Amino acid sequence: MKFNAPKGTQDLLPDVTAAWQRVERKFADICRLYGYEEIRVPTFEHTEIFQRGVGDTTDIVQKEMYTFEDLGGRSMTLRPEGTAGVVRSFVENGMASKAFPVKLYYLITAFRYENVQKGRYREFHQLGVEAFGSEGPLIDAEIVAMLAHFFRERGLKQLDLQVNSIGCPSCRAEHKKALIDFLSPHKDELCADCRERLERNPLRVLDCKEESCRKVTEDAPVMLDYLDEGCKAHFEGFTEALDNLGVAYHINPRIVRGLDYYTRTVFEFVSENVGTQGTICGGGRYNGLVQELGGPEVPGIGFAMGEERLMIELEAQGVLPDERPVPRLFVASMDEASLKKAQQLVQRLRYRGIPAEYELCGRSMRAQMKQADRSGAEYLMVIGQNEREAGKANIRSLRERDKAEECFAFDDMEGLAERLRA
RNA sequence: GUGGGAUUAGCUCAGUUGGUUAGAGCGCCAGAUUGUGGCUCUGGAGGCCGUGGGUUCGACUCCCAUAUCUCACCCCA
């Protein structure tokens with residue numbers, strides 16, 4: 001019987017996990033720098049959390065959720081994204097009574113039953129933040145600036161930052177009406193998908209890649225022109241703050257988000273490298289979500305970054321970190337008694353924080369040398385009968401062949417450790 | 001749900017118009033003076049050629065089905 005990992009899942013093997021760890025550490029560091037604290041929430045929630053949070057009409061809820069009945073007859077769902085669960089936790093734990101803004105970050109896996117392709121998996125990792133309680137546009141800009149900061153620190157060249165405002169429910173309704181009025185006469189010129197979208201979600205027509213549709217929508221009414229006073233002022237405040245912070249962006253009036261909860265500010269960092277998905281990171285404001293999940297009227301904003309997509313981008317830009325553990329010293333041994341000596345020696349070095357290795361697979365002397373070399377160790381020590389009797393042994397550089405050997409007594413562990421630390 | 005490409009050793013891949021014991025490189029193990037690595041040389045382990053049918057004297061090769069991987073549509077991080 002041959003088993004393989006379920007479709008859309010993947011094993012992250014040792015040759016990449018170091019890079020992942022480094023990225024995650026950097027993300028956490030940046031978050032803390034901006035005053036965010038980590039939150040860990042359940043991998044699955046009551047299904048209703050996502051139906052209400054993400055939106056009953058979205059593709060995610062309608063056809064992509066891993067939903068199951070638990071043994072107690074409750075409907076549970078593996079989280080398809082992070083925000084809904086964090087908002088639930090915010091409400092349940094009374095965080096609305098804390099000093100605002102409440103700033104949270106998280107590293108999670110999420111699950112969606114989708115067809116797999118580049119940068120899109122059924123189990124995937126997200127790095128995200130949510131900030132609660134700040135209505136004004138400054139925090140919108142701060143979050144975006146934090147992301148730009150993170151990308152720069154991680155060695156990425158400027159990604160394309162696209163921003164937009166999709167207004168509030170009332171001005172969005174105005175725009176939707178205008179859009180339908182505009183598109184309906186051109187219905188025959190739209191592609192089959194878009195004709196259907198016209199009914200369900202006309203905003204999506206603006207997003208279509210079909211040449212014919214693009215032509216039709218060229219002069220279509222733009223959401224930004226339909227913002228009411230408050231939404232308009234908010235968006236202006238947002239872009240002004242980005243200018244003030246020196247964050248480069250461009251306004252893309254066609255950005256639409258696939259989740260129902262977004263209001264006003266939406267943004268994406270996009271790249272050509274991550275397949276046709278494009279979006280490495282997407283987010284926005286969700287002013288009605290806390291209430292939707294039974295909490296008080298508290299505004300929120302957040303984003304989620306696809307970690308797999310981020311790794312693809314790092315690789316494409318040639319800045320993928322690589323740090324495999326490398327011993328400072330490899331201790332080879334000639335015989336059984338020497339092996340025991342090596343075992344003690346290596347352990348004592350490790351107690352002192354020095355990564356060291358010895359032979360664990362019973363290899364011959366010659367093979368131990370190869371292993372030492374392959375391990376990337378900086379120094380080599382060989383222990384045999386002579387060394388045991390003398391109570392001391394030489395260390396030799398494996399990198400520089402001409403370098404003189406240095407002798408250390410077995411009872412001078414501190415001296416050896418000191419030398420290896422250098 | 002709909003298309004394109006792929007599936008042969010742990011990895012990357014050859015395999016001629018169907019022909020008998022299926023190959024290479026890398027990796028792994030061992031050896032080339034029983035106290036010394038990188039280079040080189042020699043040897044070894046490791047494949048029901050994704051799975052199931054069919055055509056044929058004969059199938060890795062041709063046909064059908066199916067699974068898996070991958071890319072794309074759709075949607076999203």
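Computed from a predicted structure; not experimentally measured. Note on naming: letters A, B, ... go to the chains in the order of the sequence lines (proteins, then strands), and numbering restarts at 1 for each one.
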Atom pairs and distances, donor-acceptor, side-chain atoms in residues 14-33 of chain A, under 3.5 Å, two or more places apart:
from: A:Arg22; atom 1: NH1; to: A:Glu323; atom 2: OE2; distance (Å): 2.9
from: A:Lys26; atom 1: NZ; to: A:Glu153; atom 2: OE1; distance (Å): 3.0

List the atom pairs, with distances to 0.1 Å, where a side-chain N or O of residues 164-179 of chain A and a protein N or O form a donor-acceptor pair under 3.5 Å, not counting sequence neighbours.
from: A:Asn164; atom 1: ND2; to: A:Pro253; atom 2: O; distance (Å): 3.2
from: A:Asn164; atom 1: ND2; to: A:Ile255; atom 2: O; distance (Å): 3.3
from: A:Ser165; atom 1: OG; to: A:Gly167; atom 2: N; distance (Å): 3.2
from: A:Arg172; atom 1: NH1; to: A:Ile166; atom 2: O; distance (Å): 3.1
from: A:Arg172; atom 1: NH1; to: A:Gly167; atom 2: O; distance (Å): 3.4
from: A:Arg172; atom 1: NH1; to: A:Tyr262; atom 2: O; distance (Å): 3.4
from: A:His175; atom 1: NE2; to: A:Pro221; atom 2: O; distance (Å): 2.9
from: A:His175; atom 1: NE2; to: A:Met223; atom 2: N; distance (Å): 3.3

Considering only distance and modelled atom types, tabulate donor-acceptor pairs under 3.5 Å from the side chains of residues 55-62 of chain A, sequence neighbours left out.
from: A:Thr57; atom 1: OG1; to: A:Asp260; atom 2: OD2; distance (Å): 3.2
from: A:Thr58; atom 1: OG1; to: A:Gly55; atom 2: O; distance (Å): 2.7
from: A:Thr58; atom 1: OG1; to: A:Val61; atom 2: N; distance (Å): 3.3

Original post:
How does RNA chain B look in dot-bracket notation if pairs are Watson-Crick or G-U with both distances under 3.5 Å, crossing ones as [ ], other-strand ones as |?
Top reply: (((((((..((((.....[...)))).(((((.......))))).....(((((..]....))))))))))))....
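Evaluation of the side chain to side chain donor-acceptor pair (under 3.5 Å) test over residues 217-227 of chain A, restricted to residues two or more places apart or in two chains, returns A:Thr217-A:Arg254. Identified under the ring-ring contact (aromatic ring centres under 6.0 Å, His included) test for residues 358-411 of chain A, with sequence neighbours left out: none.
Aromatic rings from A:His125 and A:Tyr121 are positioned such that their centres are separated by 6.0 Å or more.
When distances are taken from the side chain of A:Thr279 to each of B:A77, B:U2, B:C75, the shortest belongs to B:A77.
Within the nucleic acid shown, A:Lys7 comes within 4.0 Å of sugar-phosphate atoms alone, with no base atom in reach, counting heavy atoms only. Across all strands shown, A:Leu310 has no heavy atoms under 4.0 Å from either base or sugar-phosphate atoms. Nucleic acid contact class of A:Ser364 (heavy atoms, under 4.0 Å, all strands): sugar-phosphate only. A:Ala372 comes within contact range of no nucleotide atom at all, as no heavy-atom separation falls under 4.0 Å. Among the atoms of the strands shown, base atoms are found under 4.0 Å from some heavy atom of A:Tyr121. A:Ala110 comes within 4.0 angstrom of no nucleic acid atom, judged by non-hydrogen atoms across all strands. Base contact: A:Arg112 has a heavy atom under 4.0 Å from a base atom.
Taking the ring pair (Phe, Tyr, Trp, His ring centres under 6.0 Å) definition, one finds that A:Phe68 meets it with nothing, sequence neighbours left out. Taking the salt bridge (charged side-chain N to carboxylate O under 4.0 Å, His left out) definition, one finds that A:Arg152 meets it with nothing, sequence neighbours left out. Every residue meeting the side chain to side chain donor-acceptor pair (under 3.5 Å) condition with A:Ser89, not counting sequence neighbours, appears here in chain and number order: A:Asn93. With sequence neighbours excluded, the residues forming a ring pair (Phe, Tyr, Trp, His ring centres under 6.0 Å) with A:Tyr286 are A:Tyr261, listed by chain and number.
For the pair A:Asp11 CG and B:C69 P, the interatomic distance rounds to 12 Å; values are reported in whole Å. One interatomic measurement links the two molecules: CZ of A:Phe50 to P of B:A77, which rounds to 14 Å at whole-angstrom precision.
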**OP:** Take A:Lys118 and A:Glu308 through the test salt bridge (Lys or Arg N to Asp or Glu O under 4.0 Å) and record every step on the way to the result.
**Re:** CA-CA 9 Å; A:Lys118 189 173 186 182; A:Glu308 285 82 0; over 6 Å; no
All N/O pairs under 3.5 Å across the protein-nucleotides 4-9 of chain B interface:
none

Write out a two-atom table: protein N or O, nucleotide N or O from nucleotides 34-37 of chain B, distance below 3.5 Å.
from: B:G35; atom 1: O6; to: A:Asn386; atom 2: N; distance (Å): 3.0
from: B:G35; atom 1: O6; to: A:Asn386; atom 2: OD1; distance (Å): 3.0
from: B:G35; atom 1: O6; to: A:Asn386; atom 2: ND2; distance (Å): 2.5
from: B:G35; atom 1: N1; to: A:Glu387; atom 2: OE1; distance (Å): 2.9
from: B:G35; atom 1: N1; to: A:Glu387; atom 2: OE2; distance (Å): 3.3
from: B:G35; atom 1: N2; to: A:Glu387; atom 2: OE1; distance (Å): 3.4
from: B:G35; atom 1: N2; to: A:Glu387; atom 2: OE2; distance (Å): 2.6
from: B:U36; atom 1: O2; to: A:Arg396; atom 2: NH1; distance (Å): 3.3
from: B:U36; atom 1: O2; to: A:Arg396; atom 2: NH2; distance (Å): 3.2
from: B:G37; atom 1: O6; to: A:Arg401; atom 2: NE; distance (Å): 3.2
from: B:G37; atom 1: N1; to: A:Leu398; atom 2: O; distance (Å): 3.1
from: B:G37; atom 1: N2; to: A:Asp373; atom 2: OD1; distance (Å): 2.5
from: B:G37; atom 1: N2; to: A:Leu398; atom 2: O; distance (Å): 2.6
from: B:G37; atom 1: N3; to: A:Asp373; atom 2: OD1; distance (Å): 3.3

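With hydrogens and angles ignored, no donor-acceptor pair under 3.5 angstrom links the side chain of A:Arg363 to the base of B:C29. Applying the 3.5 Å distance criterion, the base of B:C28 shares no donor-acceptor pair with the side chain of A:Arg374.
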